[in-house]
Structure formats: C-alpha cells, structure tokens
Amino acid sequence: MCLLYWQIVFEDVFSARDPATLEHLKELSSRRRVIEESINQSSFITEAIAREMSGGLTSHCLRVILIVFLFLFPFLYEMHQDLQKLEQYLPLLENLIFHVDLVCSNHRVVRWISELKIRWSSALSSSSLFNLRGPRFFQIDNLRYELGMTLYLYAALLRERAIEILPADLVQSATLFREASGVFQHLANEVFPSLQSSQSVERPLEATPSMCTVMSIICLAEAQAVTIRKAEEKGTTVGLLAKLHYGITELLGEATAIVYSNTIEYKDISSSFLEFISSCKALHELRSRKYLAESVKIGEQVGVAVGVLRDALINGKRELPGEESWRSIFGKEIDAASDMLRKFENENEFVWHEKIPCGDELPRLQGNKIANALPYHPKRWERELNFKI
C-alpha cells in the first residue's frame with residue numbers, strides 16, 4: 001500500500017498578491033503533481049515478484065531486507081528516478097512554510113491551510129494494508145505535515161536506492177543508507193515534534209517522531225550490514241566481524257524497544273514490519289555467534305567454540321520467522337551453523353577432548369556499532385511571497 005497523496009492545488013487556495021507569488025504557488029502544485037502521478041499510478045509488486053527480483057543478492061539478510069521493503073513500499077521500486085523530483089519540490093515547500101509562518105496567526109491563512117486538505121495514507125498501518133475499501137487517509141491541517149510526509153517519502157526513496165545499487169557499489173549503498181538515516185533523524189528531531197504539540201488528531205505512524213527514530217536506526221543497521229559485507233570481502237578478522245554483526249543486533253534491539261514502549265501509538269502497526277525487525281535481529285545474532293565460535297577456535301578453545309555454536313542453534317531455532325521466505329533464508333544460516341558444529345564436535349572428540357561449557361560459562365557477545373547518520377540540511381528557495389490577507 002502506497003503513501004498516497006491527496007491532490008493539492010496551492011494557487012486555488014492561497015490568494016497571491018503579485019505574479020511572482022502566484023508563479024511560486026503554481027510551480028509548487030506542478031512539482032507535487034508529478035510526484036502524485038508517479039506514486040498513484042504505480043502497480044503493486046507482490047512479495048513473490050520481489051523475491052524473484054532479489055535473487056541476484058548474495059547476502060541472505062539483505063535479501064530479507066529487500067523482500068520486506070518492497071512488500072511494505074512496493075511503489076518505490078518504480079520511483080528511483082523521482083529523488084530529483086522531490087529535491088525540486090522540497091525547497092519550494094520550505095519557502096512557502098517560511099513565509100506562512102510569518103503570518104500564521106491570521107485567520108484567513110489558517111482557513112487556507114485547512115482548505116488544502118493535506119491528506120496522506122500509511123504504508124505501515126495494518127488497517128491501511130488490508131483495507132478492502134481502499135487506503136485510509138489521515139488529514140492534518142499543517143504545512144509541516146506535508147513537509148514531513150514528503151521528507152519521509154524522500155528518505156524511503158534513498159533507502160530503496162541504496163538497496164538497488166547494493167550489488168554494484170557497496171560504498172555508495174552504505175552512504176545512501178546513512179543519508180536516509182539522517183533524513184529520518186531530522187524528521188524525528190525537527191519536523192514532527194511540532195505536530196505532536198499543535199494538534200491531537202490521529203496521524204499515520206510515519207508522522208510520529210518515534211517511528212522516524214525507528215526508521216533511522218534501521219537504516220543505520222542496514223548501512224552496517226553493507227559495511228560488514230565489504231569487510232568480509234577484505235578478509236577482516238572473525239573476531240571483529242562477530243562484534244559488527246552483534247552491533248546490528250543491538251541497533252535493531254533499540255528499534256524494537258521503541259516500538260514496544262509505545263504500545264498505544266503502535267497498536268495498528270503492520271505485523272510484517274515487526275517480523276522484519278525481529279528476523280534480521282535474530283539473523284545477525286546467529287551470524288555473530290558463528291564468527292565468535294570461529295574466533296575462539298582459532299585461539300585453540302575448541303570446547304568453547306562448540307558451546308557457543310550449540311547455544312547459537314538453540315537461540316536461532318527459537319527465533320525462526322513465521323513467513324516462509326524468511327524461514328528459508330534463516331534455515332540456511334542454521335544449516336551452516338549445524339555443519340560447523342558437527343565439524344568442531346568431531347575435532348574436539350578425537351583431538352582436544354575439552355570440556356563443553358554452557359550458560360554463563362560461555363563468552364558474552366560484544367557489539368561494535370560503526371555506522372552513523374549523515375545529517376540532513378534542508379534547502380529553501382529564497383523567493384519573497386506576498387498574500388492578500
């Protein structure tokens with residue numbers, strides 16, 4: 001289900017005092033209309049198709065990311081060329097907001113904003129995903145709602161673009177994930193908090209600071225996943241890889257904690273989105289334990305390595321996802337860990353004869369979080385606007 005726009009024609013609502021202001025309003029409407037059409041005409045991409053499109057990815061976890069992302073944001077696959085369109089619209093919108101803020105207390109301006117009927121639907125709400133009567137629109141009479149949802153779309157497009165170029169350019173992919181994280185961070189800290197205090201109307205999950213924080217963290221986790229893939233290609237030590245994978249687990253744990261600490265706000269969240277987070281979290285923990293086992297075996301602690309792998313498999317099987325495609329990916333990781341365990345057990349039985357530790361006797365996982373967000377700096381087209389008030 002798309003983040004569908006409700007059409008807005010700025011020049012039909014705002015009364016311009018001069019031709020330059022009228023031209024600015026018309027250009028705003030024109031730029032927005034191009035994006036509206038691109039979103040609203042996009043076809044739904046099924047999960048099965050998404051799985052076929054993800055076949056070229058060698059990383060199983062990144063396949064999971066792509067499958068879930070296209071399931072939740074199917075329209076974005078056809079919108080990778082629309083980043084430039086949004087980059088042209090946003091400075092115009094920032095300029096309108098700047099000038100409207102100067103006269104925001106005027107009753108006529110308040111009425112104009114209400115007449116815009118700024119409405120968006122949600123891609124994260126289960127009621128929107130499975131509503132047979134069509135998408136549910138959320139209206140908030142505030143230009144910053146329009147700004148925030150447009151920026152949310154922009155960040156989602158950056159994230160989609162990062163996934164798209166992943167097989168060809170790991171460095172640029174990680175950079176785009178970090179840029180997306182920065183935009184979500186800007187929304188959480190600068191844009192949506194003002195909506196929370198101005199109106200108590202119902203809003204989509206995307207328009208809440210906490211959800212933007214969750215998305216920012218997810219993008220950082222994905223950036224780190226790409227960085228790990230690059231590190232694996234370079235032959236980075238298994239001890240460091242274990243810490244980097246567990247760093248992703250810790251990041252996704254932070255995202256999970258935010259979701260479950262706001263049960264009222266997140267009561268309508270898509271179960272697929274929640275399973276996406278939990279599945280990736282569990283997958284990276286399993287990979288961390290595998291690398292940890294390799295690391296301690298290199299240190300000639302074969303018994304400890306066996307204990308780590310046994311513990312990893314117990315936890316991994318407990319966290320098996322419900323969705324079939326994710327179960328398949330997760331199952332391959334469990335099979336690889338099982339093969340490694342059998343090899344280590346045989347070596348310990350015939351060569352080392354070491355005691356197999358368990359529980360608190362096992363080494364604790366340690367995380368290393370190295371990905372950081374790239375700050376978003378909004379741009380404004382500085383043109384003076386005058387209204388008939």
*Is E333 reaching over with its side chain to a backbone N or O of L286, donor-acceptor style, under 3.5 angstrom?*
no

_Would you say the rings of H284 and Y246 are close, in the sense that their centroids are separated by under 6.0 Å?_
no

*Is R136 paired with E202 through a side-chain N to carboxylate O contact shorter than 4.0 Å?*
yes

_Just so I know, are the side chains of V100 and V109 near enough to count as touching, which here means a heavy-atom distance under 4.5 Å?_
yes

_Polar contact flag, side-chain donor to acceptor under 3.5 angstrom, S278-E319_ = no

*If you take all heavy atoms of I165 and S173, which pair is closest and at what distance?*
CD1-N, 3.7 Å

*Does M149 share a hydrophobic cluster with V34, counting links as ILVMFWY side-chain heavy atoms below 4.5 Å and allowing steps through other members?*
no

*For H245 and E285, what are the C-alpha separation, side-chain angles and deciding distance, and is it a side-chain contact (heavy atoms from CB on, under 4.5 Å)?*
CA-CA 7 Å; H245 274 291; E285 181 170 342; over 6 Å; no

*If we only count heavy atoms from C-beta on, is the T150 to Y145 side-chain gap below 4.5 Å?*
no

Just distance, no hydrogens or angles: give the donor-acceptor pairs under 3.5 Å from side chains in residues 357-376, sequence neighbours left out.
unit_1 : atom_1 : unit_2 : atom_2 : d
E361   : OE1    : C358   : N      : 3.1
K369   : NZ     : E254   : OE2    : 2.8
N372   : OD1    : R178   : NH2    : 3.2

*Is there a donor-acceptor contact under 3.5 Å linking the side chains of T208 and Y266?*
no

*Are side-chain heavy atoms of L241 and T237 found at a separation under 4.5 Å?*
no

*State, with a plain yes or no, whether a side-chain heavy atom of E323 is found less than 4.5 Å away from one of F330.*
no

*Under 3.5 Å, is there a donor-acceptor pair between the Q84 and Y89 side chains?*
no

*Mind checking whether V171 and L244 sit in one hydrophobic cluster, side chains of I, L, V, M, F, W, Y counted as touching below 4.5 Å?*
no

*asked:* Do E146 and I97 make a side-chain contact, defined as non-hydrogen atoms from C-beta onward lying under 4.5 Å apart?
replied: no

*Does K26 come within less than 4.0 Å of E23, counting only side-chain N to carboxylate O?*
no

_Non-hydrogen side-chain atoms of Q185 and C212 separated by less than 4.5 Å_ = no

List the atom pairs, with distances to 0.1 Å, where a side-chain N or O of residues 380-389 and a protein N or O form a donor-acceptor pair under 3.5 Å, not counting sequence neighbours.
unit_1 : atom_1 : unit_2 : atom_2 : d
R380   : NH1    : N95    : OD1    : 2.8
N386   : ND2    : D18    : OD2    : 2.9

*Side-chain contact, heavy-atom cut-off 4.5 Å: L205 with D268?*
no

*N-O pairing of K379 and E87 below 4.0 Å*: no

*Less than 4.0 Å between a side-chain N and a carboxylate O, is that true for R119 and D141?*
no

*Pair E37 + R33, salt bridge at N-O below 4.0 Å*: no

*Does I35 share a hydrophobic cluster with V9, counting links as ILVMFWY side-chain heavy atoms below 4.5 Å and allowing steps through other members?*
no

*Is the shortest side-chain N to carboxylate O distance from K85 to D82 below 4.0 Å?*
yes

*Test item: L176 and Q172 side chains (from C-beta on) under 4.5 Å apart, heavy atoms*: yes

*asked:* Do L147 and V13 land in one hydrophobic cluster if side-chain heavy atoms of ILVMFWY residues count as linked below 4.5 Å?
replied: yes

What donor-acceptor contacts under 3.5 angstrom involve side-chain atoms of residues 292-317, with partners at least two apart or in another chain?
unit_1 : atom_1 : unit_2 : atom_2 : d
K297   : NZ     : E347   : OE1    : 3.4
K297   : NZ     : E347   : OE2    : 3.4
R310   : NE     : E345   : OE2    : 3.1
R310   : NH2    : E345   : OE2    : 3.1
D311   : OD2    : R289   : NH1    : 3.0
N315   : OD1    : R318   : NH1    : 2.8
N315   : ND2    : D311   : O      : 3.2

*Quick check: does any side chain N or O of S279 sit under 3.5 Å from a backbone N or O of F276, one acting as donor and the other as acceptor?*
no

*Nearest-0.5 Å distance, CZ of residue R17 to CG of residue L22*: 13.5 Å

*Can you tell me how far the CD atom of E232 sits from the CG atom of L170, to the nearest 0.5 Å?*
10.5 Å

